[in-house]
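Atoms within a ligand are numbered from 1 in the order they appear, just like the ligands themselves.
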Amino acid sequence: MTTRCVVAGIDIGGTNTVVGLVDFHGAQISELRFPTQAHERADEFLPRLVNAIREICSGLPPGNPLAGIGIAAPAANSRRGTVENPANLNWGTVNLVEMIQEHLDVPVVVTKDSNAAVVGEMRYGVARGMRNFIMITLGTGLGAAIVVDGELHEGEHRTAGEFGHFTVDPSGRECGCGRRGCAETYVSASGLRRTVFDLLASRTDTGELRTIAFNDLTAERIFRLAQGGDPIARAAFELTGIYLGRMLTNIVAALDPEAIVLYGGLVNAGDLLIGPARRSFEEHVLPLYSGKVKILTSDLNNGRAAVVGAAALVCDLLQNESTHVLQDQITS
Ligand SMILES: [Zn+2]
């Protein structure tokens, strides 16, 4: 296994898919992105993914082909190689590893997006050297992963960390899970949009937001308007941050982490979101934890933590395989 080996790290998000070429040291060499299209079936999405992998690999020098593919996807089962009824994609349950290997003859691993981001953050990001931390992914939805004593804590059914479905208001907004008032319906890109529309209904401020249809309203557009001083957009981020801070106090009381790492598209809003989140956290956290838990933002943002994390997992697989081959050669 030479250090020049290159693998693909892929993050399939509810809005965008990121395909990166990554070397064995976690350095990302190149990247391309395309929209995920939530209404598409997996078999409609697949050709676009395969084309993107082929396109990004066309720049590789001859003699150094792609060594493997690591994929971060929502609701992924790493043992089975499947993606199982993701809430934000119209996929049902599919075996993503088999589907890709029908087109590309390389080792493929698939893992939960939040787990891949944790691996990326632990190896190459702000959580390097930490033993106990929580990673919260604020994208289209709200994902989370828990690291206890340096190991990913997955729970008995490998589904730990569903903080997005903590109930924050039992009579609140309908959630994709079929219940009401889940944190994700407030603290996520889609929750932010819903908050904007609630504020538009309850307040009289005028402005550009009143001219935008719900389907055209993105978190990024709300962010740009908030930066420009729009009072509704700013209030929407403030409320989202307050809900986030309150939610983090409950997580900290359960798990006593060293830090919480915030990751995902919404984190790009910076202090507009993180400021109110930190204030609300310190205001409501149990005094026992006050001033002790760091709230950090990832420096591997825009999908990069999941990309380099998924790439690291396939690198681990390849290195284990090469170690086994070497051991077989030594013992035979
Ligand atoms: Zn829910």
#### Entry: Beyond-backbone contact of V7 with L21, side-chain heavy atoms, under 4.5 angstrom
no

### Query
Any idea how many protein N, O or S atoms are nearer than 2.8 Å to the Zn ion (ligand 1)?
4

### Message
Does any part of the side chain of I136, heavy atoms only, come nearer than 4.5 Å to the side chain of I251, both counted from C-beta?
### Response
yes

### Summary
Cluster membership besides V261, Ile/Leu/Val/Met/Phe/Trp/Tyr side chains within less than 4.5 angstrom, sorted by chain and number, is V118, M122, V126, M130, F133, M135, V147, L152, Y263, L296

### Query
Would the number of heavy atoms belonging to other residues, nucleotides or ligands and lying under 6.0 Å from CG of D105 be above 12?
no

### Query
According to the interplanar angle, ranging from 0 to 90°, do the rings of F45 and W91 count as parallel (below 30°), tilted (30 to 60°) or perpendicular (above 60°)?
tilted

### Query
So if you build clusters from Ile, Leu, Val, Met, Phe, Trp, Tyr with side-chain heavy-atom gaps below 4.5 Å, do V97 and V50 land together?
yes

